[in-house]
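Notes to accompany the following structure.
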Amino acid sequence: MEQKIPQHVAIIMDGNGRWAESKGLPRIEGHKAGVESVKKIIRCCMTKGIPCLSLFAFSSENWSRPAEEVNFLMELFLESLRKELAELNQHGIRLRFTGDRGLLSAVLQQQMREAERVTENNEQLILNVVVNYGGKWDVVSAAKKVARAVQNGELAIDDITETSFAHYLDTERLPDPDLFIRTSGELRISNFFLWQLAYTELYFCEVHWPDFGEHELEMALASFNKRKRRFGQISELI
């Protein structure tokens with residue numbers, strides 16, 4: 001049977017800190033190891049022809065973590081962008097970022113804009129890095145944009161539909177995920193893509209993110225291929 005390829009895979013990369021603690025290492029070592037898993041999964045997605053990959057790098061709730069860890073994560077993000085941009089661009093990867101950039105440092109925001117500019121014409125893979133994001137924030141932000149559009153006479157109330165509303169979300173122009181993966185055994189979506197995951201296939205695994213590689217992605221794709229995606233219809237009509 002021909003394998004179905006998801007057009008958009010979204011991943012919560014969970015368990016970096018627990019992976020490190022299980023090995024008697026500082027939590028920051030888990031985040032460093034997690035970057036290597038990001039590289040592996042990007043390569044796997046390109047090999048398999050998956051056109052869009054979203055990675056939940058930092059949620060709006062993660063600011064409540066210890067300041068030392070938050071600062072390290074931000075520095076690691078900035079360092080990784082600077083170090084990997086040329087190679088990502090060389091391989092035809094288009095970078096984009098989803099989330100509220102307002103709380104990020106000016107230096108990081110500038111590097112994000114530069115990464116988007118440099119890679120904007122690439123077509124091999126869309127790598128959507130989700131930073132300082134919350135699903136509730138996204139929906140509320142979109143609702144405010146819709147209200148302003150109506151207030152300014154740019155949009156009629158009767159023209160507000162699920163399709164038109166989606167254009168005001170921060171994931172505008174991205175397809176909704178076909179497959180959602182969360183590592184490290186947590187069985188929640190944790191305020192991630194609340195609107196976008198409405199009909200996404202959910203896959204949870206016990207493996208911590210630093211140990212998530214090609215084999216684990218294959219298992220997730222195999223599970224995806226066993227699902228019957230009916231979208232509210234009965235099987236005979238699909």
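Side-chain atoms of Thr47 and Glu214, non-hydrogen and from C-beta on, never get closer than 4.5 Å to each other. Residues Ile11 and Ile41 have side chains in contact (heavy-atom distance under 4.5 Å, counting atoms from C-beta outward). The side-chain heavy atoms of Met74 and Phe58, taken from C-beta on, include a pair separated by under 4.5 Å. Taking 4.5 Å as the limit, every side-chain heavy atom of Phe193 sits out of range of all side-chain heavy atoms of Asp170. Between Val118 and Leu95, the closest side-chain pair of non-hydrogen atoms is not below 4.5 Å. Between Val107 and Leu78 there is a side-chain heavy-atom pair separated by less than 4.5 Å. Within the 4.5 Å cutoff, side-chain heavy atoms of Phe56 are placed close to those of Tyr133. Contact annotation: the side chain of Phe97 approaches that of Leu81 to within less than 4.5 Å [non-hydrogen atoms, C-beta and beyond].
Note that the CZ atom of Arg227 and the CG atom of Asp178 stand 12.0 Å from one another [nearest 0.5 Å]. Atom CG of Leu217 is separated from atom OG of Ser37 by 11.5 Å, given to the nearest 0.5 angstrom. Taking CZ of Phe165 as the start and OG1 of Thr163 as the end, the distance is 12.0 Å to the nearest 0.5 Å. Note: Leu174 CG to Thr98 OG1 = 6.0 Å, rounded to the nearest 0.5 Å. We find the CG-OG1 distance between Asp176 and Thr171 to be 6.5 Å, quoted to the nearest 0.5 Å. Here the CD1 atom belonging to Ile50 is positioned 13.0 Å from the CD1 atom belonging to Ile126, to the nearest 0.5 angstrom.
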**Message:** Would Trp63 and Asn132 count as a side-chain hydrogen bond (donor to acceptor under 3.5 Å, both in side chains) here? Give the steps.
**Reply:** CA-CA 8 Å; Trp63 293 107; Asn132 193 28; 2.7 Å; yes
**Message:** Checking Ile42 against Cys45 for the side chain to side chain contact (heavy atoms under 4.5 Å, CB included) test, could you report, in this order, the C-alpha distance in whole Å, the side-chain angles of both residues, the deciding distance, and whether it holds?
**Reply:** CA-CA 5 Å; Ile42 290 172; Cys45 285; 5.9 Å; no
**Request:** Start with the C-alpha distance between Trp137 and Ser60, add both sets of side-chain angles, then the distance that settles side chain to side chain contact (heavy atoms under 4.5 Å, CB included), and finish with yes or no.
**Result:** CA-CA 9 Å; Trp137 164 83; Ser60 50; 5.6 Å; no
**Request:** Evaluate side chain to side chain contact (heavy atoms under 4.5 Å, CB included) for Glu79 paired with Arg82, printing each intermediate quantity in order.
**Result:** CA-CA 5 Å; Glu79 177 188 340; Arg82 286 172 169 167; 5.9 Å; no
**Item:** side chain to side chain contact (heavy atoms under 4.5 Å, CB included) between Phe212 and Cys205, intermediate numbers included
**Value:** CA-CA 9 Å; Phe212 192 92; Cys205 67; 3.9 Å; yes
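Crowding of Glu162 atom CD: a count of heavy atoms from other residues, nucleotides or ligands under 6.0 Å not exceeding 12. Heavy-atom neighbours of Glu68 CD from other residues, nucleotides or ligands within 6.0 Å: at or below the threshold of 12. Counted within 6.0 Å of NZ on Lys144, heavy atoms from surrounding residues, nucleotides or ligands total 12 or fewer; the atom is thus considered open. With a 6.0 Å radius and a threshold of 12 heavy atoms from other residues, nucleotides or ligands, Met219 has its CE atom at or below the threshold. For Glu123, the CD atom sits in a loose shell: 12 or fewer heavy atoms of surrounding residues, nucleotides or ligands are nearer than 6.0 Å. Atom NZ of Lys136 has 12 or fewer neighbouring heavy atoms from other residues, nucleotides or ligands inside a 6.0 Å radius.
With 3.5 Å as the limit, one finds a donor-acceptor pair spanning the side chains of Ser190 and Arg182. A side-chain N or O of Arg113 and one of Gln110 form a donor-acceptor pair less than 3.5 Å apart. In this structure, a donor-acceptor pair under 3.5 Å is present between the side chains of Asn128 and Ser54. No side-chain N or O of Asp138 forms a donor-acceptor pair with one of Trp195 less than 3.5 Å apart. For the residue pair Asn62 / Glu69, no side-chain donor-acceptor distance below 3.5 Å is found, with atom types taken as modelled. Side-chain N/O atoms of His208 and Thr183 include no donor and acceptor closer than 3.5 Å.
Residues Phe204 and Phe224 are members of separate hydrophobic clusters, defined by side-chain heavy-atom contacts under 4.5 angstrom among Ile, Leu, Val, Met, Phe, Trp and Tyr. Both Met112 and Leu103 belong to a single network of hydrophobic side chains, linked directly or stepwise wherever heavy atoms of I, L, V, M, F, W or Y lie under 4.5 Å apart. Neither Tyr199 nor Leu202 shares a network with the other; the hydrophobic side chains, linked directly or stepwise wherever heavy atoms of I, L, V, M, F, W or Y lie under 4.5 Å apart, form separate groups for each.
A donor-acceptor contact shorter than 3.5 Å is absent between the side chain of Asp159 and the backbone of Leu155. In this structure, Trp19 contributes its side chain and Pro210 its backbone to no donor-acceptor pair below 3.5 Å. Judged by distance alone, the side chain of Thr119 and the main-chain N or O of Asn89 form no donor-acceptor pair under 3.5 Å. Judged by distance alone, the side chain of Glu201 and the main-chain N or O of Phe180 form no donor-acceptor pair under 3.5 Å. Checking side-chain atoms of Asp100 against main-chain N and O of Gly102 turns up a donor-acceptor pair under 3.5 Å. For Gln124 (side chain) and Asn122 (main-chain N/O), no donor-acceptor pair under 3.5 Å exists by modelled atom type.
Screening Ile181, Leu55, Val130 for a side-chain contact (heavy atoms from CB on, under 4.5 Å) involving Met13 leaves a single residue, Leu55.
Between Arg94 and Glu116, no side-chain nitrogen of the basic residue sits less than 4.0 Å from a carboxylate oxygen of the acidic one, so the salt-bridge criterion is not met. Taking the charged nitrogens against the carboxylate oxygens, Lys48 and Glu218 do have a contact shorter than 4.0 Å, which makes a salt bridge. Note on Glu114 versus Arg117: salt bridge recorded, some NZ/NE/NH1/NH2 to OD/OE distance being below 4.0 Å. Of the charged side-chain nitrogens involved, at least one lies within less than 4.0 Å of a carboxylate oxygen, so that Arg18 and Glu186 count as a salt-bridged pair. Using a 4.0 Å cut-off between charged nitrogen and carboxylate oxygen, Lys39 and Glu36 count as a salt-bridge pair.
Contact detail for Leu197 and Pro177: the closest heavy-atom pair is CD2-CG, 4.1 Å.
For the salt bridge (Lys or Arg N to Asp or Glu O under 4.0 Å) test, no residue two or more places apart in sequence or in another chain qualifies with Glu61.
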